[in-house]
Amino acid sequence: MAEVLVLVERSDGVVRKATLELLTLARRLGDPAALVCGAVDDATTALLGEYGATRVYVADDPELEEYLVAPKADVLVTAVRHAAPAAVLVTSGPEGTEVAARTAVRLESGIVTDAIDVTAGDGGPLVTQSVFSGSWTAQSQVVRGTPVITVRPNAVSPEAAPTQPAVEALPVQLTDAARGARVVGRTPKTGTGRPDLADAAVVVAGGRGMGSAEAFGMLERLADALGGAVAASRAATDLGWYGHDFQIGQTGKTVAPQLYLASGISGAIQHRAGMQGSRTIVAINKDPKAPIFGIADLGVVGDAHAVLPALITEVEKRKG
Amino acid sequence: MKIVVLVKHVPEPTAAWRYADDHTLDRTGVEGRLSELDEYAVEQAVSLVEKGLPATITYLTMGPARAVEALRKALAMGGDGAVHISDEALHGSDALGTSLVLAHAVERIGFDLVLSGMASTDAEMSVVPAMLADRLGVPQLTFAGALTVTDDGVTIRRDGETATEEVRASLPAVVSVTDQTGEARYPSFKAIMAGKRKPVTTWTLADLGVDPASVGVAGAATAVRAVAPQPPRQAGTVVIDEGDAAVRVADFLVAQKLL
Ligand SMILES: Cc1cc2nc3c(=O)[nH]c(=O)nc-3n(C[C@H](O)[C@H](O)[C@H](O)COP(=O)(O)OP(=O)(O)OC[C@H]3O[C@@H](n4cnc5c(N)ncnc54)[C@H](O)[C@@H]3O)c2cc1C
Ligand SMILES: Nc1ncnc2c1ncn2[C@@H]1O[C@H](COP(=O)(O)O)[C@@H](O)[C@H]1O
């Protein structure tokens with residue numbers, strides 16, 4: 001069986017859950033092989049093996065981190081030419097999508113982005129996408145070159161399939177063009193102590209209707225009581241009430257938690273694009289005509305400043 | 001300095017979009033507009049010049065006849081002229097095809113800086129700027145939340161998952177901007193009239209020397225096999241808070257095994 005190449009993403013040296021999801025999907029299409037940019041320790045190899053990687057390609061060069069996107073595309077192109085995989089899987093996101101895009105140009109291969117599912121099909125992988133702000137689904141195939149597919153986080157649950165991967169070093173040869181955009185400054189972001197938005201089972205979000213930055217304190221308390229993450233609409237982040245990193249929607253993050261609780265959010269189409277895949281939606285809004293009620297499983301017409309404190313007390317009480 | 005701004009004509013986001021029989025987005029039945037996310041690129045170009053950068057601004061779009069509306073909107077915001085690539089053979093082009101055509105056009109116009117939006121609001125792929133940079137062999141600085149441009153270089157702020165990065169490149173370069181760069185202006189009536197008088201040049205694939213077989217539905221490296229409307233999410237129960245809402249929400253969360 002041909003290999004299916006998965007581009008590994010790590011944050012703080014730890015393999016992202018989204019990468020394990022890609023390895024899980026890759027098994028449907030062939031033998032999963034992982035490509036790591038940077039040094040690899042035994043624990044990383046073991047984890048990739050646990051999720052089915054039969055081979056781990058390692059492209060280790062400090063220069064890979066110094067420039068934006070392009071060097072990783074150089075590495076991915078080298079790996080594809082070397083391994084001749086049946087497909088390439090990359091996690092959707094600002095960096096991964098662009099690495100995939102440049103790779104597709106270089107290989108003259110078709111690219112399908114933001115897959116919510118990938119299955120084996122006649123003539124190559126069948127890729128399902130949610131398009132037009134989630135109002136349609138489309139199934140596409142790559143008809144030229146090596147299929148390059150980017151996949152949304154949380155498209156599948158990672159499933160273990162333990163193997164002993166072979167480790168193979170790949171040469172890193174950066175093109176001059178790859179050294180064009182140099183990272184000259186980096187300010188690390190500090191964690192919140194709450195779950196990552198992408199992985200959170202519960203997301204508690206606030207909008208302009210919260211009225212102030214201070215009012216987001218209520219959302220934090222409710223999120224903590226539910227073990228969730230806090231998020232915001234663009235109106236709230238634009239007002240500086242909450243960080244842009246926590247914006248949900250077309251120009252922010254896309255989430256699909258078990259529970260999305262929206263408070264003081266009208267439910268504009270650009271906001272819905274980032275949360276309408278949530279399993280359960282609860283909305284609190286004082287306007288009975290707010291569009292968010294059209295997609296909420298439970299809607300409360302009321303004042304967030306009255307409902308939220310009572311809800312925090314109620315949740316804390318029931319948790320004992 | 002020459003700035004080329006990529007702008008796309010897209011269906012109005014609030015309209016009901018549908019697929020045409022050939023599995024391409026039906027662009028005939030719906031109102032169109034300049035993609036809101038490209039307005040941020042237009043705004044950055046215009047304000048760079050206003051702040052004293054000696055540059056001419058040319059807008060570039062590839063799309064059907066009506067795409068000229070997007071160029072007129074951009075020209076009303078500022079800038080000098082525009083190029084419209086219009087050719088029957090382009091219908092149904094994928095990102096590879098689009099970036100190929102845009103690369104030819106950008107080279108022909110001549111450029112020091114290409115500005116684009118972070119994503120088109122219809123295709124939403126966020127790949128065209130990176131593909132274009134690769135094809136042109138120039139640095140890409142994408143998802144800029146802020147940018148500064150000097151004679152010889154451009155620096156952006158890029159808001160990443162784990163860090164905020166400052167990224168620098170010499171010109172020429174391709175830069176895509178996010179909606180964090182600052183609100184786009186509303187053109188005045190006078191500016192709209194002035195925009196109508198600015199030159200718009202139309203090019204075909206033959207003008208650019210691009211083989212029609214490499215673009216359009218036939219030349220695409222991807223094919224849509226099936227499409228289906230997503231059943232709209234059903235609205236659930238709506239209750240009016242009479243002091244009991246917190247209890248009702250908590251009961252609901254327990255029933256849904258969320259608490
Ligand atoms: C190109 C583009 C991209 C965009 N991308 C995004 C995006 O990624 N994410 C995003 O969120 N938006 C995005 N937007 C903006 C979007 O169109 C809306 O403007 C935004 O989502 C509105 O935020 P909101 O719901 O918080 O505010 P509003 O629409 O002002 O709604 C506030 C709501 O709070 C309610 N309210 C007021 N007071 C109270 C109270 N005391 N208790 C309870 N409810 C109360 C009101 O009834 C109202 O429904 C984008 C727009 C454009 C043009
Ligand atoms: N047909 C087009 N004409 C002009 N610019 C385009 C076109 N398609 C994409 N772009 C530019 O590329 C950006 C990203 O588009 P996309 O990769 O489709 O999300 C857009 O914001 C535009 O600036």
Side-chain angles (χ1 to χ4, degrees), chain A residues 11-12 68-70 94 97-98 101-102 104-106 109-113 126 130 132 134-145 177 180-189 202 244 251 258-259 269 276 280 282 293-302 306-307 310-311 314-315 318, chain B residues 13-14 17 19 37 94-96 99 118 121 125-127 130-131 134-135 137-143 159-169 173 178-180 220-230 233 235-241 245-247 249-250 252-254 256 258-259:
Chain A
S11 88
D12 285 337
L68 198 64
V69 178
T97 301
E98 292 189 336
R102 295 183 75 116
V105 167
R106 238 50 94 64
S109 293
I111 175 170
V112 183
T113 54
L126 207 51
S130 169
F132 305 169
S135 59
W136 286 71
T137 53
Q139 284 197 315
S140 303
Q141 263 179 327
V142 167
V143 295
R144 196 168 71 229
R182 182 186 282 274
V183 179
V184 292
R186 186 176 272 144
T187 315
K189 291 181 176 167
V202 173
H244 171 62
T251 58
Q258 298 295 309
L259 170 66
I269 187 158
Q276 62 200 355
T280 307
V282 174
F293 288 133
I295 59 164
D297 299 288
L298 177 64
V300 174
V301 181
V307 177
L311 183 56
E314 194 62 31
V315 168
R318 295 197 192 198
Chain B
T14 48
W17 300 5
Y19 274 101
L37 292 174
D94 64 359
L96 283 180
S99 63
M118 64 184 275
T121 55
M125 289 182 78
S126 291
V127 296
M131 287 182 166
D134 206 280
R135 291 189 187 279
V138 304
Q140 70 164 77
L141 298 102
T142 42
F143 295 99
D159 217 3
E161 198 62 45
T162 55
T164 303
E165 290 174 333
E166 203 181 314
V167 190
R168 203 181 144 67
T178 74
D179 59 343
Q180 296 295 299
T222 50
V224 179
R225 300 296 187 208
V227 297
Q230 194 108 292
R233 226 188 141 102
T237 322
V238 179
V239 300
I240 295 172
D241 179 31
V247 173
V249 173
F252 175 82
L253 296 183
V254 170
Q256 297 286 318
L258 292 163
L259 181 66

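In what follows, chains are A, B, ... by sequence order, proteins preceding strands, each numbered from 1. This structure is a prediction, so every number in the text was calculated from the model and none was measured.
No part of B:A173 comes within reach of chain A, as not one of its non-hydrogen atoms sits under 4.5 angstrom from that chain. Looking at B:T178, neither its backbone nor its side chain comes within 4.5 Å of chain A, counting heavy atoms on both sides. With a threshold of 4.5 angstrom between heavy atoms, B:L141 approaches chain A through its backbone and through its side chain. Residue A:R318 touches chain B through its side chain alone, counting heavy-atom pairs closer than 4.5 Å. For B:M118, the part sitting under 4.5 Å from any heavy atom of chain A is the side chain, from C-beta outward, and nothing else. Neither the backbone nor the side chain of B:D94 comes within contact range of chain A; no heavy atom of the residue lies under 4.5 Å from a heavy atom of that chain. Contacts between A:V307 and chain B at a heavy-atom distance below 4.5 Å involve backbone atoms as well as side-chain atoms.
The candidate with the highest count of non-hydrogen atom pairs below 4.5 Å against chain B, out of A:Q258, A:R106, A:Q141, is A:Q141. Per-residue heavy-atom pair counts under 4.5 Å with chain A were compared for B:L258, B:T121, B:V127, and the maximum is reached by B:L258. The candidate from B:P139, B:A245, B:A226 with the greatest count of non-hydrogen atom pairs under 4.5 Å with chain A is B:A226. For the options B:A228, B:G137, B:A169, heavy-atom pairs under 4.5 Å to chain A are most numerous at B:A228. Ranking B:Q230, B:R233, B:Q180 against chain A, the residue ahead of the rest is B:R233, based on heavy-atom pairs under 4.5 Å. Contact count versus chain B (heavy atoms, under 4.5 Å) is highest, among A:G180, A:G302, A:G185, A:A138, for A:G185. With chain B as the partner, the residue from A:R182, A:Q139, A:Q276, A:K189 showing the most heavy-atom pairs under 4.5 Å is A:K189. Taking chain B as the reference chain and counting heavy-atom pairs below 4.5 Å, the highest number among A:L298, A:D12, A:V183 is found for A:L298. Of the listed residues (B:V138, B:V227, B:T14), the greatest number of heavy-atom pairs within a distance under 4.5 Å of chain A belongs to B:V227. Most heavy-atom pairs under 4.5 Å with chain A, from the set B:D241, B:V239, B:V224: that is B:V239. Between chain B and the options A:A177, A:A70, A:S109, the largest number of non-hydrogen pairs under 4.5 Å is found for A:S109. Heavy-atom pairs under 4.5 Å with chain B peak, among A:V142, A:V202, A:V315, at A:V142.
Between the CZ atom in B:F252 and the CG atom in A:L259 there is a gap of 8.0 Å [rounded to 0.5 Å]. Taken to the nearest 0.5 Å, the CG atom of A:L68 stands 5.5 Å off from the CD atom of B:Q140. Separating the CG atom in B:L253 from the CG atom in A:L311 is a distance of 7.0 Å, to the nearest 0.5 Å.
Side-chain contact check for A:V105 versus B:L96: some heavy-atom pair is nearer than 4.5 Å. A:R186 is not listed as a side-chain neighbour of B:T162, based on a closest heavy-atom distance of 4.5 Å or more. Counting heavy atoms from C-beta outward, A:E314 and B:V249 have side chains that stay 4.5 Å or more apart. Between B:Q256 and A:D297 there is no side-chain heavy-atom pair separated by less than 4.5 Å.
The minimum heavy-atom distance linking B:A130 with A:A101 is given by the pair CB-CB, 4.3 Å. For B:A221 against A:G110, the heavy-atom pair with the smallest separation is CB-CA, 3.4 Å. The two atoms that bring B:R225 and A:V143 nearest to each other are NH2-CG1, 3.5 Å, heavy atoms only.
A distance-only check finds a donor-acceptor pair linking the side chain of A:W136 to the backbone of B:W17 [under 3.5 Å].
By the side chain to side chain donor-acceptor pair (under 3.5 Å) test, B:D179 is found to be paired with A:R234, A:T251, residues two or more places apart in sequence or in another chain being considered.
Looking only at atom types and distance, the side chain of B:T142 has a donor-acceptor partner in the side chain of A:E98 under 3.5 Å away.
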